[in-house]
Amino acid sequence: MNTQPARIALLAFPAFWILLLHLGPMLAMLRISFLESFPPLPGSAEVATLANYTAFFANDVYIVPMLRTLVFSFSATLLLLVLTYPLAFFLAKGVRAERKLTYLMILFAPFWVGEIIRIFSITVTFGNRGAVNWVLLNLGILERPLRMLYGYFSLSTGIIHLSALYMLMPIYAAIEKIPDNLLEAGRDLGAGPVSRFFDIILPLSREGVATGCALVFLANVGTYSVPALLGGPGTSMFSETIGTFFHTAGSQWPVGSAFSVLLLTASLTIAALMMLVIQRRKGRAR
Amino acid sequence: MTDICVLRDITARYGDVTVIDRLNLAIPEGAFVTLLGPSGCGKSTTLRMIGGFETPAAGQVLLAGKDVTHVAPNHRDTNLVFQDYALFPHMTVAENIAFGLKRKGAPRDVIRQRVDELMQLVRLPDMAQRLPAMLSGGQRQRVALARALARDPALLLLDEPLGALDAKLREEMQHELKSLQRATGKAFVFVTHDQEEALTMSDVVVVMNKGRIEQQGAPVELYRDPQSRFVASFIGKSNFFEGRLQEASAGIGRVEVAGGTLSARLGSAPLKAGDAVVVAVRPEKVALATERPQGNAIEARLQSLSYKGAKSTALFADAFGRRIEMDFNPEERRIEAGDSSVWLGWQDADGIVLAA
Amino acid sequence: MTRSFAWVGSWLLQAYYMLFVAFLVLPIFVMILMSFKNSEFLGFPIKGLTLDWYGAALADPAILGAVATTAFVAAVSTLIALVVGTWAAVALERLQGLAKAVAFVILCIPLAAPGIISAISLRIFAFDIGLELGVPAIIMAHTVHAVPFVSLMVLARLSHLPKSQTEAAKDLGASPITAFCLITLPFLKPSLIGASLFGLLLSMDDFNRSFFLGGFEPTLPILVFERMSTGISPQINAIASIVLLVTLSMGFVGERTLRRIGARK
Ligand SMILES: Nc1ncnc2c1ncn2[C@@H]1O[C@H](COP(=O)(O)OP(=O)(O)O)[C@@H](O)[C@H]1O
Ligand SMILES: [Mg+2]
């Protein structure tokens, strides 16, 4: 498309769409977070205020779930990294090319199933009268059922089941891209398997680790269903706090929006920091 | 001279396909040996078996007199320069070169000194802190060389290392590689499919075809005395005249070809009267005459002329459909395009009789 | 011949892979098993099997309604997202430098935003533009969520289309739109199929947006969520198993189709 009008016609619609529907909701949320009341009372003007933000710092009931959310999401991200890295490595370099697709498909299939159904299946499996307890009781390993639901164990299990793919895929893609002849060169120069892993594979998959960690962290912070259905009273997360402000219409929205802005800011900052630390590039341009 | 590396009855297979068939080869110490052959003939496979990246299905690899057939590459005293260099993209030039030394557990100052020394050797001043992505093709080539030489291997292996460079740089690197080999006194095994490159650089050229060695020897020998039709066509160019050997005596064979008989030197392979043979003649040995010359003579018409400077080529065709090439220097003689037939001839000693 | 990386494929990693797959599949397997249990009581042991729960589920008007809502929302939102996402991808290809980077970031907001934040911001937005909670609002939210996924999948393939192809078409007299329809679209076909499938799954499985923008006609995940919160009944196992069957078969059919197209190339 060389002509200017044609170019504008091509670009205008998507530009309009993403500005309105991608940026718009975020801006609407930001705007409301500074309003004293919403929707404004008929006949009165909108009043700007910071009270919605200061409300957060005034109360432990808000601060604790926020901190819990960030710490738990971060720990769960690290846990997933440790759990999936060997898998990504195995799939990328340990499976013969003609079998790779099958191995990947088998691993992916569970992720086609939606989050609510998977959470439900976890409650059925790990409940006091669930399959796992039943097996352990019958094997005589346990005397009384082990309480596995509604605590950090079930929360982590839920996160692993729902987010593993977002960690696995970027890392797999990064390791897959490492040419085999770099590993051969390593061998040729005297590197054993351990050195080949730590000196070649690990540093060259950094990019993928960074992407995976950021994606998974943001997903963990934002999940509502996992804490709502798998968490307990002692493990309430900030997404639930935010949710409570939106179960009713209108009046509470400004506080909920302000809290969302805080959560978004905090989580984006942490995600960005994680990426920076992991990607730490050597600045060697001369 | 002793041999630094010996391949004894080496066989290599991928699945059911035999790509190297009972190959024997000796690499003399300090020699520049080139494996030359068309793509897919098994050069890389042979090189990779010396380096330890492939284990032969049968046979032995001896390195400095010891059997290393089943020794892993990281425990083998050889190093390989990869075709696309395989430089570690996340390491600087200095770190790349130091990689092999670190694996040996050399002390830091020794490593630093050795890296400096190697960077001097391959003429890469002031690039120590650059990443490979910031280097030109020729510079990457040098880093790959330095990295492979760092561990001071008994034998350096090079798999088409110049393939990715443009023509001019390639020629420059050929000379540099050769002098580097002289300076280090190490045996190099160099793989290429470019015969000119092989002739320029090597002490010994090993011509391979379909997983076997066709012939090996010094470049001059191979050019003068090819022992098979394959070698005669792969190294330099040859005109071939197919026929039947009439008689062989005193090293000269008389060959009956379509339209007459030709005389030429006999190759080293045993031939007897009645065998199907070819006479191979280099284009630069063919002479042009207007009258029928004494001895070997073929009547032909000019087909086309191609100007290539001092070594231009004229292409003739004769009444039997054979095409004959002749090299000539346009500064010394003119060949007129025309339709009249001419005579082509050559000395008996300039042709060679080979098995068809 | 030795494989150069035989050490990587050691049995240890192989075993770990199988363990992990088992861990992922175990709950789903248990759930399906439970859906056949012939007792009100949701727990082990299983003494007998029955298909009653499936019968009950398929006779429940609320469930049938949810299935219809879910299918409608998924189909409409995927269709819109397909057009918009492809358009956005093609447009993005034309941009350069800073404009491209900024456009890309904005395009990816719905993908990267944490679920709860994406959901409530869309709810506020829906209120601002006067969209009632319920099916239309869910469709909007699902469409917005799917667009960046479609764009990314199209972009991935678009970058492999040699520019010379459309240029050749134009050189031979095709208008830009003809060139797009005859050259670019057919080339994009596999990624468009993949994207439609992904969009459908994304919508059918979505919880966050459907939950915060839903009205009185719940989608299936919301229905399951509500029934879970009000007391677990074995019927949920049956609903969930049906949904699972549908999702998995969609996944496999799509995978097959994609592979067949790949094989033809
Ligand atoms: N990993 C492999 N698997 C199967 N066949 C191979 C493999 N590597 C090489 N080959 C085959 O072995 C033959 C020799 O290959 P190679 O040694 O690379 O040849 P060259 O280096 O002379 O071009 C070729 O026919 C090639 O197709
Ligand atoms: Mg090769």
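Here is how names work: the chains are called A, B, and so on, in the same order as the sequence lines, proteins then strands, and each is numbered from 1. Values below: every heavy atom of this structure, side chains too, minus hydrogens, waters and symmetry copies. Not measured: the values here are computed from a predicted model.
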### Summary
When the 4.5 angstrom heavy-atom criterion is applied to A:L20 and chain C, the contacting part is both
### Query
Can you find a heavy atom in the side chain of C:F225 that is under 4.5 Å from one in the side chain of A:I119?
no
### Taking every non-hydrogen atom, the tightest pair across A:A109 and C:L248
O-CD2, 3.6 Å
#### Entry: Residue selection (most heavy-atom pairs with chain A, distance under 4.5 Å) from C:S151, C:A240, C:A179
C:A240
### Task
Can you see which heavy atom on C:L24 is nearest to which on A:P110, and at what distance?
CB-CG, 4.1 Å
### Task
Would you mind telling me which of A:N128, A:V135, A:L101, A:L91 has the largest number of heavy-atom pairs within less than 4.5 Å of chain C?
A:L101
### Task
Please state whether the rings of C:W87 and A:F13 are parallel, tilted or perpendicular, taking 30° and 60° as the class boundaries.
tilted
#### Entry: CG-CD1 distance between C:D205 and A:I116, expressed to the nearest 0.5 angstrom
10.0 Å
### Query
At a heavy-atom separation under 4.5 Å, does C:L107 approach chain A through its side chain, its backbone, both, or neither?
both
### Task
Classify the ring geometry between C:F252 and A:W112 as parallel (under 30°), tilted (30 to 60°) or perpendicular (over 60°).
perpendicular
### Task
Can you tell which part of A:I32 gets under 4.5 Å to a heavy atom of chain C, answering side chain, backbone, both or neither?
side chain
#### Entry: chain C contact via A:I242 - which portion, at a heavy-atom distance below 4.5 Å
side chain
#### Entry: Max heavy-atom pair count under 4.5 Å with chain C, selected residue of A:F217, A:Y224, A:F108
A:Y224
### Query
Measuring heavy-atom distances to chain C, does A:A164 have an atom under 4.5 Å in its side chain, in its backbone, in both, or in neither?
side chain
#### Entry: Heavy-atom contact with chain A under 4.5 Å, split by part of C:F212
side chain
### Message
I'd like to check A:L264 versus C:P114 (side-chain heavy atoms, cut-off strictly below 4.5 Å). Are they in contact?
### Response
yes
### Message
Counting only non-hydrogen atoms closer than 4.5 Å, does A:A219 touch chain C with its backbone (N, CA, C, O), its side chain (CB onward), both, or neither?
### Response
neither
### Query
C:F211 versus chain A, heavy atoms under 4.5 Å apart: side chain, backbone, both or neither?
side chain
### Message
So which atom in A:G24 and which in C:F125 form the shortest heavy-atom distance, rounded to 0.1 Å?
### Response
C-CD1, 4.0 Å
### Message
Heavy-atom pairs under 4.5 Å with chain A - which of C:T143, C:L95, C:I120 has more of them than the others?
### Response
C:I120
### Query
Looking at A:S257 and C:I124, what are the two nearest heavy atoms and their distance?
OG-CD1, 3.2 Å
### Interchain contact, C:M140 with chain A, by part (heavy-atom threshold 4.5 Å)
side chain
### Query
For C:I109, does its backbone N or O pair with a side-chain atom of A:H22 as donor and acceptor, under 3.5 Å?
no
#### Entry: Top contributor to chain C interface from A:S121, A:G130, A:P14 [non-hydrogen pairs under 4.5 Å]
A:S121
### Message
Could you report the tightest heavy-atom contact between A:I160 and C:F20, atom names first, then the distance?
### Response
CG2-CZ, 4.3 Å
#### Entry: Which atoms of A:S225 approach chain C - backbone, side chain, both or neither, heavy atom under 4.5 Å
both
## Note on the structure
Honestly, the part of C:F207 sitting under 4.5 Å from a heavy atom of chain A is both
### Other residues, nucleotides, ligands: >12 heavy atoms within 6.0 Å of A:Y166 OH
no
### Heavy-atom contact with chain C under 4.5 Å, split by part of A:A92
neither
### Task
Name the option with the most non-hydrogen atom pairs under 4.5 Å to chain C; the candidates are A:N138, A:L83, A:L137, A:V132.
A:L83
#### Entry: Partner chain A: residue of C:T247, C:L122, C:V147, C:L220 with the largest heavy-atom pair count (under 4.5 Å)
C:V147
### Message
Heavy-atom cut-off 4.5 Å, strictly under: side chain, backbone, both or neither for C:F127 against chain A?
### Response
side chain
### Task
Look at C:A89, C:P110, C:A126, C:A88 and state which one has the largest set of heavy-atom pairs under 4.5 Å with chain A.
C:P110
### Query
At their closest point, which heavy atom of C:P27 faces which heavy atom of A:T125, and how far apart are they?
CA-OG1, 3.1 Å
### Message
Quick check for you: to the nearest 0.5 Å, what is the distance between C:M34 atom CE and A:F120 atom CZ?
### Response
8.0 Å
### Task
Report yes or no: does C:R123 contribute a side-chain atom to a donor-acceptor pair with the main-chain N or O of A:F246 at less than 3.5 Å?
yes
### Message
Would you say that more than 12 heavy atoms from the other residues, nucleotides or ligands in this model lie under 6.0 Å from the OH of C:Y16, or not?
### Response
yes
### Query
What part of C:V246 is in contact with chain A, defined as an atom under 4.5 angstrom from a non-hydrogen atom: side chain, backbone, both or neither?
neither
### Message
Between A:L30 and chain C, with a heavy-atom cut-off of 4.5 Å, which part of the residue counts as in contact: side chain, backbone, both or neither?
### Response
neither
### Best-contacting candidate, C:I239, C:D128, C:V25, C:T166, against chain A by heavy atom pairs under 4.5 angstrom
C:D128
### Query
Once you round to the nearest 0.5 Å, how far does OG1 of A:T157 lie from CG of C:L26?
11.0 Å
### Message
Under 4.5 Å from any heavy atom of chain C, what part of A:L229 do you find: side chain, backbone, both or neither?
### Response
side chain
### Query
Relative to chain C, which of A:R118, A:M26, A:H161, A:M29 shows the most heavy atom pairs under 4.5 Å?
A:H161
### Task
Return the option, out of A:F111, A:F126, A:F238, A:Y103, with the maximum number of heavy-atom pairs under 4.5 Å with chain C.
A:Y103
### Query
To the nearest 0.5 Å, how far apart are CD1 in C:I106 and CG in A:L21?
12.5 Å
### Query
Taking everything shown except C:E226 itself, do over 12 heavy atoms lie less than 6.0 Å from its CD?
yes
### Message
Quick check on the interface: out of C:I222, C:V21, C:L33, C:V144, who has the most heavy-atom pairs with chain A under 4.5 Å?
### Response
C:V144
